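Just follow the structure's listing: the first ligand is 1, and inside any ligand the first atom is 1. As the structure is a computational prediction, the values presented were derived from the model and not from experiment.
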Amino acid sequence: TTLTASIAGFDFDNVLLNAAGVYCQTASELDQILEASGAGSLVTKSATPAERDGNAGVRFAEMPLGSINSMGLPNLGLDYYLDYTITHQDEKPLFLSIAGLTKADNLAMLRDVQDSDFNGLVELNLSCPNVPGKPQTAYDFDTTREILNEVFSFYTKPLGVKLPPYFDIAHFDMIAEILNDFPLAFVNTINSIGNGLVVDPETDTVVIAPKGGFGGLGGEIVKPTALANVRALRQRLRPEIKIIGTGGVTNGRDVYDHILCGADLVSVGTSLYFEGPAIFERLNNELIAIMAEKGYNHLDEFRGRLQTLA
Ligand SMILES: C=Cc1c(C(=O)O)[nH]c(=O)[nH]c1=O
């Protein structure tokens with residue numbers, strides 16, 4: 001059974017990696033993903049130009065069927081993650097995530113990356129839901145088109161975008177129409193479902209401190225939304241634009257379902273947070289077992305082959 005996939009000429013020896021934000025803040029965490037059996041790649045914590053502390057107080061919590069977070073983009077700054085990825089990019093193809101708080105920051109960081117020795121893939125995060133006062137860029141279609149126009153006027157290395165979940169068929173049409181106009185290597189869908197609210201039944205309070213308890217949802221609970229976004233974008237995007245499926249992965253069947261809906265790679269956030277990097281080997285083994293049951297030897301025998309009912 002082969003679990004290989006490729007994006008923009010990079011060959012991955014298996015489809016799994018971490019979701020940006022999880023197990024990717026420091027070199028020590030990143031090393032654990034890099035060395036984890038079963039992880040085909042890694043993505044760094046979304047970077048801003050300078051180091052950020054992020055939001056104050058309790059900013060992550062487990063909840064039934066998943067997690068809620070309002071980290072507020074804590075990160076060690078672009079140069080830290082550039083250094084890490086440049087140092088290790090010959091071992092595996094790597095993703096560098098950036099999430100500027102302004103268009104100017106995104107463009108400045110991309111110029112730095114363009115002029116650096118980084119030769120991996122950039123994941124431009126247009127979907128951070130947790131910076132107070134900042135909307136999720138990719139819910140603003142005009143701004144999204146404007147940013148991509150400026151990015152591709154100078155950035156020539158492989159680049160993809162991290163998208164928030166959409167919940168309206170017309171929005172799938174609108175974002176796909178924009179993305180199809182650009183030489184994107186991939187899209188990663190979904191980011192957390194923004195601004196959920198969880199109540200602690202013991203204390204009648206919210207469970208995270210920032211933003212009055214509003215935060216991004218991840219884990220099992222988001223799987224149907226994640227699969228819908230993978231499927232809808234696969235059906236609409238040019239085939240050259242690959243898809244990284246993210247959201248709701250807890251077992252091999254979830255990985256299989258993302259691929260069935262059209263994903264080329266699959267990333268794991270909440271479950272990785274709770275189980276640690278050993279999860280990658282378990283997920284690969286479970287995926288292989290499902291493929292064996294169905295008589296598949298290669299992912300492309302079933303990628304994108306979700307059937308509809310007559
Ligand atoms: C980059 C910030 C993000 C954060 C965060 O740092 O709060 N949390 C998410 O669930 N998704 C993000 O994109």
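Here the rule is side chain to side chain donor-acceptor pair (under 3.5 Å) with Thr246, and of Thr189, Asn191, Asn188 only Asn188 fits it.
Scored by the side chain to side chain donor-acceptor pair (under 3.5 Å) test, Ser70 finds Asn55 as partners (sequence neighbours excluded).
Donor-acceptor pairing under 3.5 Å is recorded for the side chains of Tyr84 and Asp31.
Counting non-hydrogen atoms of other residues, nucleotides and ligands closer than 6.0 Å to CD of Glu301 gives a total above 12.
Sorted by first and then second residue, the side-chain hydrogen bond (donor to acceptor under 3.5 Å, both in side chains) pairs involving residues 197-215 (not counting sequence neighbours) are Asn195-Lys211, Thr203-Thr205.
Under the 4.5 angstrom side-chain criterion for Ile, Leu, Val, Met, Phe, Trp and Tyr, the cluster partners of Val206 are Leu197, Phe214.
For ligand 1, the protein residues within 4.0 angstrom (heavy atoms only) are Lys45, Ser46, Asn69, Ser70, Met71, Gly72, Leu73, Pro74, Asn125, Cys128, Pro129, Asn130, Asn191, Ser192.
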